[in-house]
Number of protein chains: 2
Amino acid sequence: MAKARQDGSDNDAAQRRVQMADIARLAGVSTATVSRALNHSPLVSEETRRRILELAASLKYSINIGAQNLRLKQNRTISVLIPFDRKIHQNLTDPFLLAMLGSLADALTEQGFDMLFSRIATDELGAAAAAPFDSGRVVGIILVGQWGRHQQLNELAARKVPIVVWGAQLPQQLYCCVGSDNVSGGMLATQHLLEQGRRRIAFFGDIELPEPAQRYRGYCAALEKHGIAVDPRLQVSTPFLPIGGSAAVETLEARAISYDAVFACSDLLAMTAIDSLRAHGKRVPDDVAVVGYDDIDQSAYFHPRLTTIRQPIGAAGRALVAALLALIDGTPAASVELPTQLIVRASAGEERAAPA
Amino acid sequence: MAKARQDGSDNDAAQRRVQMADIARLAGVSTATVSRALNHSPLVSEETRRRILELAASLKYSINIGAQNLRLKQNRTISVLIPFDRKIHQNLTDPFLLAMLGSLADALTEQGFDMLFSRIATDELGAAAAAPFDSGRVVGIILVGQWGRHQQLNELAARKVPIVVWGAQLPQQLYCCVGSDNVSGGMLATQHLLEQGRRRIAFFGDIELPEPAQRYRGYCAALEKHGIAVDPRLQVSTPFLPIGGSAAVETLEARAISYDAVFACSDLLAMTAIDSLRAHGKRVPDDVAVVGYDDIDQSAYFHPRLTTIRQPIGAAGRALVAALLALIDGTPAASVELPTQLIVRASAGEERAAPA
DNA sequence: TTGAAAGCGCTAACAC
DNA sequence: GTGTTAGCGCTTTCAA
């Protein structure tokens, strides 16, 4: 097994990594001077600095960040955690996560921070999530999705672990949360379907989880506003996984109730649902209109093109990072709800006119 | 701007991070003993060890990895780089990358390594790619895609930077490369289309890049084997981006030549191509059969379901990590070509019988 | 079985 | 301007 010596010195012919003392010796100065020169201190003569910089460049020397961090008691690394369910440890597959990861990478880079990326089992969201922080590996944690681990997250926050979570705001929440406005997202989607004349709208999403739960609240509110009773048989709890959409369609079919629309809690669910609906001989949107959530790239060229609720992904990354950096600075960071937007495409569109 | 003190001490009320000396004092022993106890050295009495471990657990103490690494001159972090084109810095969007990232994360975790993830501009693939290694931040680098920076990568390898690249094997290649067998992947796809009776097969992919170039070689080989001349007008160079597929279809249409099939160098390209073909009134697969590459999850529920060349993503991550760890150990690591597999689905399927 | 002391590569007083 | 020195939090001889 790899020992991972920094200089790869398991190799017989390994050359020692060049360090500050080498530069100092070659330049005929002390390491203090080298340090100053490399850190653009004004306390070095122009001539000395030039000589040192040249030497360093020619030897491809670059300051050992580990040692520097230790000495300075600083660190510019953030842990980004994407949870997975241990029972079904499967490929990372929802494109929304990729977009989020990219957005976070950009926002962190912009602020001069590095990203330590790992997947983590949802049942370890307590202590294990904080491990890289406790060991001084990172100065803060960004968690993508709260996954019903509200209590554990509260405990971390109470312990002053700097953590920001992508998810839904909940009562008695001690940790900082950034997410989209799920209630109004759910309302927008449902309202749109109602305006298209749909009356039997199914809801696909695990309402045990905070985000789907809030979207469901928006869904219920929209129905009630239109004087339509919420039919619990139209709600199907299904996981955020590729099989989720088809599983939900099967469940719904098994219940043998009529429905003319689906609001799915992610585009991934919407897409697999549409695939299953097609297999059941139902046309989208003619027989069943479908609205998704996220507005991942693929929604624009899926067939039929997906009507969906857009989450502002670029803003999400920036907001998460900004909140975390504030926390790290010791400033209490308020939770953030980002606006959502209805994107109308073919899967539930303008095509249909008045109520059926 | 965040200073990112490790203890968040910008906060007035910040408590100092607990460290080994604290445990030692509280336990009435020296730090040496604490260190031994924490590292399961046999040189500590059972009683002392227990006391120390308990104390550490109750204080949520965990060894400062930075200091430990410095002292031990070790490090268990790997840099994973996903390049982007600076001219069109856009969202991370190809689901294949997400699957690759997940696969790498799993393989690294399995080996007890952390992943430092960053995006990098393709024009910085030389020096900037090695920066985290030169600064001792990581002990090795995994680069996803070589992006025509063959020369720069060779220079890194010549400098003994431990780097493994996901991509295609090239002549005079000094760096270690792991990839799928692109030539036979291209052949499999083209052969399948030929067997479906297609004769005018378009090729979508930038043949300036190594992987598409090899797939194109496979494509040409298959055509020649069937006695069909390669028509260069059927080859369309298009980037690995969401717009790539539709751009390629537009180009092809503008050339006003006939075609009855498309082999696209990624599923993403295939999907956006299909979307565009549909807009042009062409049915898939009836008018134009389409084969993609990668076999991302979505291919299985795209409409029509996508026939594609599967790259073994789980094996890919493990092979990349294994090769890199070998390099770090000082063992020269041979490049690897993973097998590909034709996955037949509806976009170019068995439905069609004999040649038209 | 434990402790004292040196040192990993770097920075920052402090002295000159 | 530059060097000397102490020390960041840890591990590991060496001595007891």
Side-chain angles (χ1 to χ4, degrees), chain A residues 3-7 9 16-53 55-56 59-76 133-139, chain B residues 3-7 9 16-53 56 59 61-76 133-139:
Chain A
K3 305 257 195 48
R5 304 280 308 234
Q6 289 211 327
D7 48 9
S9 62
R16 204 175 51 80
R17 187 181 285 265
V18 24
Q19 56 195 63
M20 209 173 255
D22 302 317
I23 309 279
R25 197 169 353 91
L26 293 169
V29 296
S30 71
T31 59
T33 301
V34 176
S35 172
R36 291 186 188 111
L38 260 24
N39 290 295
H40 306 103
S41 153
L43 304 174
V44 193
S45 78
E46 201 41 61
E47 141 69 4
T48 315
R49 175 198 322 288
R50 203 190 37 67
R51 209 167 70 246
I52 292 173
L53 259 35
L55 215 44
L59 295 180
K60 309 250 185 242
Y61 169 74
S62 133
I63 287 183
N64 182 315
I65 305 255
Q68 188 181 51
N69 282 345
L70 180 60
R71 174 63 230 228
L72 261 29
K73 293 166 149 257
Q74 66 165 21
N75 177 334
R76 296 189 72 82
F133 172 77
D134 290 331
S135 66
R137 192 92 185 61
V138 303
V139 285
Chain B
K3 304 257 192 49
R5 303 282 307 237
Q6 289 211 328
D7 47 10
S9 61
R16 205 175 51 80
R17 188 181 285 265
V18 23
Q19 57 194 63
M20 209 172 257
D22 302 317
I23 309 281
R25 196 168 353 90
L26 292 169
V29 296
S30 71
T31 58
T33 301
V34 176
S35 172
R36 290 186 187 110
L38 261 24
N39 290 296
H40 305 104
S41 154
L43 304 174
V44 193
S45 80
E46 201 40 62
E47 141 70 4
T48 314
R49 177 201 319 290
R50 203 190 37 69
R51 211 169 66 245
I52 290 172
L53 259 34
L59 295 180
Y61 170 74
S62 132
I63 286 183
N64 181 315
I65 305 252
Q68 187 181 51
N69 282 347
L70 179 60
R71 175 63 231 232
L72 261 29
K73 292 167 151 256
Q74 65 164 20
N75 177 331
R76 296 188 72 83
F133 171 77
D134 290 331
S135 66
R137 194 92 182 61
V138 303
V139 285

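Just so it is clear, the model here is predicted, and its values are computed rather than measured. Just so we're on the same page: letters track the sequence lines, and every chain starts at 1. What you see below is based on every heavy atom in this structure, not just the backbone, and it leaves out hydrogens, waters and symmetry mates.
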Checklist outcome for this item: To the nearest angstrom, the CG-P distance between B:Leu43 and D:dT13 comes to 11 Å
Checklist entry - Are any of A:Ser35's side-chain N or O atoms less than 4.0 Å away from OP1 or OP2 of C:dA12? => result no
Item to check | Distance test, side-chain N/O of B:Thr33 to OP1/OP2 of C:dT1, below 4.0 Å | outcome: no
Checklist entry - How long is the gap from CZ on B:Arg50 to OG on B:Ser45, to the nearest 0.5 Å? => result 9.5 Å
Checklist entry - Rounded to whole angstroms, how far apart are CZ on B:Arg137 and P on C:dC10? => result 15 Å
Checklist entry - Is any N or O donor-acceptor pair between the side chain of B:Arg36 and the base of D:dT13 shorter than 3.5 Å? => result yes
Checklist entry - What distance do A:Ile52 atom CD1 and A:Thr33 atom OG1 have between them, rounded to the nearest 0.5 Å? => result 6.0 Å
Next on the checklist: Could you tell me if A:Arg17 sits above the aromatic ring of B:Phe133, with its cationic atom closer than 6.0 Å to the ring centre and no more than 45 degrees from the axis?
Outcome noted: yes
Checklist entry - Where is the tightest heavy-atom contact between B:Asp22 and B:Arg16, given as atom of each residue plus distance? => result OD1-NH2, 2.8 Å
Checklist entry - With respect to the side chain of B:Ala67, which nucleotide from D:dG9, D:dT2, D:dT4 is positioned closest? => result D:dG9
Item to check | Gap between atom NZ of B:Lys73 and atom CD of B:Gln68 - 0.5 Å precision | outcome: 15.0 Å
Next on the checklist: Expressed as a whole number of angstroms, how long is the span from B:Asn69:CG to C:dC10:P?
Outcome noted: 15 Å
Item to check | Length of the line joining B:Arg25:CZ and D:dC10:C1', which is rounded to integer Å | outcome: 16 Å
Checklist outcome for this item: B:His40 NE2 to D:dT11 P, in whole Å, measures 12 Å
Item to check | Candidates C:dC10, D:dT2, C:dT1 - which lies nearest the side chain of A:Arg71 | outcome: C:dC10
Next on the checklist: If I take atom CD1 in residue B:Ile63 and atom P in nucleotide D:dT11, what distance separates them, rounded to the nearest angstrom?
Outcome noted: 4 Å
Checklist entry - Think A:Lys73 has a side-chain N or O under 4.0 angstrom from the OP1 or OP2 of D:dG9? => result yes
Next on the checklist: Using the side-chain heavy atoms of B:Leu72, tell me which of these nucleotides is nearest: D:dG3, D:dT12, C:dT11.
Outcome noted: D:dT12
Checklist outcome for this item: B:Asn64 atom CG is separated from D:dC10 atom C1', nearest whole Å, by 8 Å
Next on the checklist: Below the 4.0 Å mark, does D:dT11 have OP1 or OP2 next to a side-chain nitrogen or oxygen of B:Thr31?
Outcome noted: no
Checklist entry - Of the candidate nucleotides C:dA5, D:dT2, D:dG9, which contains the atom at the shortest distance from the side chain of B:Gln19? => result D:dG9
Checklist outcome for this item: Whole-Å distance, A:Gln68 CD to D:dC8 C1', equals 12 Å
Next on the checklist: Among D:dT2, C:dT2, D:dC10, which nucleotide has an atom closest to any side-chain atom of A:Val44?
Outcome noted: D:dT2
